[in-house]
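Inspection log for the structure reproduced underneath, given as structure tokens.
We use all heavy atoms of the structure for the numbers below, so side chains are in, but hydrogens, waters and symmetry mates are not.
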Amino acid sequence: MNSVLTKLGIKGLLFDYGGTLDTGGDHWGIVLWKAWQEAGVPVGEASFREAYVYAERTLGQQSIIRSDFSFSQTLEAKLQLELDYVGQQSFLKHVLDIVCSVAQRHTARSREVLRILADELPLVLVSNFYGNLHVVLQEFGLESVFRQVIESAVVGIRKPDPKMFLMGADALGLAPEEVAVVGDSFDNDIIPAKKAGCRTIWMKGAQWTDKQVDEHMPDLVVSKIEELL
């Protein structure tokens, strides 16, 4: 077993999904903005950020994403809202192709690492998602590596509620202090996981804001998932 995880007394892992397994730790807003730039969408960053927030709020308030949506369909729904907001619908396919390629590349790397980890430790997924995460996991070959999936749209609570991580520990049959939470978001993963009594591993990537955080809070900081091996 990984000596670092052993020293921390970790007997199970709780993984975040979006921004952790599919972007290598980079915030999804950053990934999308880079794709907009690559596709040549004639919009400034401030307008993009407004569109991103608008789309996230709309998806949270309306049942737009169905339970049978694939990853690309989910992303297309998100991009449709964003690009409609700034009046640039014609760029939808180009941006979608770019972002799907990024996510597929990172998810393939994550899949290989998760399969190795799952041979030694039980894994559970704890994610804020839209009710179709089981479809996305099947799509990327990840459905077999997690013992259970705790999805916000299904359980009725969302991170940063620490109860999400307590549910994950219960699913593993372990005490919170025996579990490590792996996530990219300091506010949604690291801080609430600490409140729940879990160990924490911050996958530090490109952040959405310049907000300063206490990097001594996580038990471990990594820049890529392979560092968990």
Side-chain angles (χ1 to χ4, degrees), residues 1-28 31 70-72 74-75 99-155 159 164-174 176 178-186 188-190 192-193 196 198-206 218-229:
M1 183 183 292
N2 184 301
S3 60
V4 175
L5 301 183
T6 301
K7 289 178 181 178
L8 292 175
I10 293 170
K11 298 180 180 178
L13 293 169
L14 303 179
F15 275 91
D16 169 55
Y17 183 73
T20 298
L21 300 181
D22 56 4
T23 69
D26 292 342
H27 189 283
W28 258 105
V31 174
S70 67
F71 173 79
S72 60
T74 303
L75 188 55
V99 181
C100 280
S101 178
V102 171
Q104 288 166 358
R105 183 174 69 253
H106 282 293
T107 306
R109 290 172 54 193
S110 295
R111 182 174 61 243
E112 298 309 309
V113 173
L114 291 171
R115 286 175 175 172
I116 295 171
L117 288 171
D119 286 337
E120 300 189 5
L121 293 170
L123 312 180
V124 164
L125 196 65
V126 179
S127 176
N128 287 347
F129 218 75
Y130 308 103
N132 63 320
L133 189 51
H134 65 292
V135 175
V136 174
L137 294 177
Q138 290 175 355
E139 183 181 355
F140 287 116
L142 293 173
E143 72 278 10
S144 64
V145 299
F146 297 107
R147 295 198 177 183
Q148 190 168 325
V149 175
I150 298 172
E151 182 180 2
S152 60
V154 175
V155 301
K159 296 184 289 184
M164 290 280 282
F165 301 108
L166 293 175
M167 292 174 68
D170 286 343
L172 291 171
L174 296 170
E178 297 176 309
V179 171
V181 172
V182 183
D184 70 299
S185 173
F186 217 86
N188 282 347
D189 298 315
I190 304 306
C198 300
R199 300 284 190 166
T200 55
I201 300 174
W202 184 31
M203 188 174 292
K204 181 182 178 182
D219 295 280
L220 184 65
V221 178
V222 298
S223 60
K224 55 185 179 180
I225 194 169
E226 289 85 353
E227 293 177 50
L228 298 178
L229 298 178

Is the shortest heavy-atom distance from the side chain of [X] to the side chain of [Y] under 4.5 Å?
X: T107; Y: L21; answer: no
X: P192; Y: F165; answer: yes
X: D189; Y: M203; answer: no

How many angstroms lie between atom [atom1] of [X] and atom [atom2] of [Y], to the nearest 0.5 angstrom?
X: I150; Y: M167; atom1: CD1; atom2: CE; value: 5.0 Å
X: Y17; Y: F146; atom1: OH; atom2: CZ; value: 9.0 Å
X: Q148; Y: L123; atom1: CD; atom2: CG; value: 12.5 Å
X: K224; Y: L229; atom1: NZ; atom2: CG; value: 10.5 Å
X: E227; Y: I201; atom1: CD; atom2: CD1; value: 10.5 Å

Result of checking L125, V149, L114 against L142 for side chain to side chain contact (heavy atoms under 4.5 Å, CB included):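 It is L114; the other options fail the test.
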Looking at every heavy atom in both [X] and [Y], which two are closest together, and how far apart are they?
X: G25; Y: D184; result: O-CB, 3.7 Å
X: A196; Y: P176; result: O-CB, 3.3 Å
X: S72; Y: C100; result: CB-SG, 4.0 Å
X: P122; Y: K11; result: CD-O, 3.1 Å
X: L5; Y: L228; result: CD1-O, 4.1 Å
X: C198; Y: V181; result: CB-CG2, 4.0 Å

Parallel, tilted or perpendicular, as decided by the 30° and 60° cut-offs, for the rings of W28 and F71: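 Judged by the thresholds at 30° and 60°, the geometry between F71 and W28 is tilted.
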Holding to side-chain hydrogen bond (donor to acceptor under 3.5 Å, both in side chains), I want the full list of residues that pass it with [X], two or more places apart in sequence or in another chain.
X: E226; result: R109
X: D16; result: T20, K159
X: S185; result: none

Residues, nucleotides or ligands: over 12 heavy atoms within 6.0 Å of R111 CZ: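 More than 12 within 6.0 Å, yes.
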Main chain of [Y], side chain of [X]: is a donor-acceptor contact present, judged purely on distance under 3.5 Å?
X: W202; Y: V222; result: no
X: D219; Y: T200; result: yes
X: E151; Y: N132; result: yes
X: Q138; Y: V135; result: no
X: D26; Y: G205; result: no
X: D22; Y: G19; result: yes

Worked check of side-chain contact (heavy atoms from CB on, under 4.5 Å) between I225 and F15: CA-CA 11 Å; I225 194 169; F15 275 91; 4.2 Å; yes
Intermediate values then yes/no, side-chain contact (heavy atoms from CB on, under 4.5 Å), M164 and L14: CA-CA 10 Å; M164 290 280 282; L14 303 179; over 6 Å; no
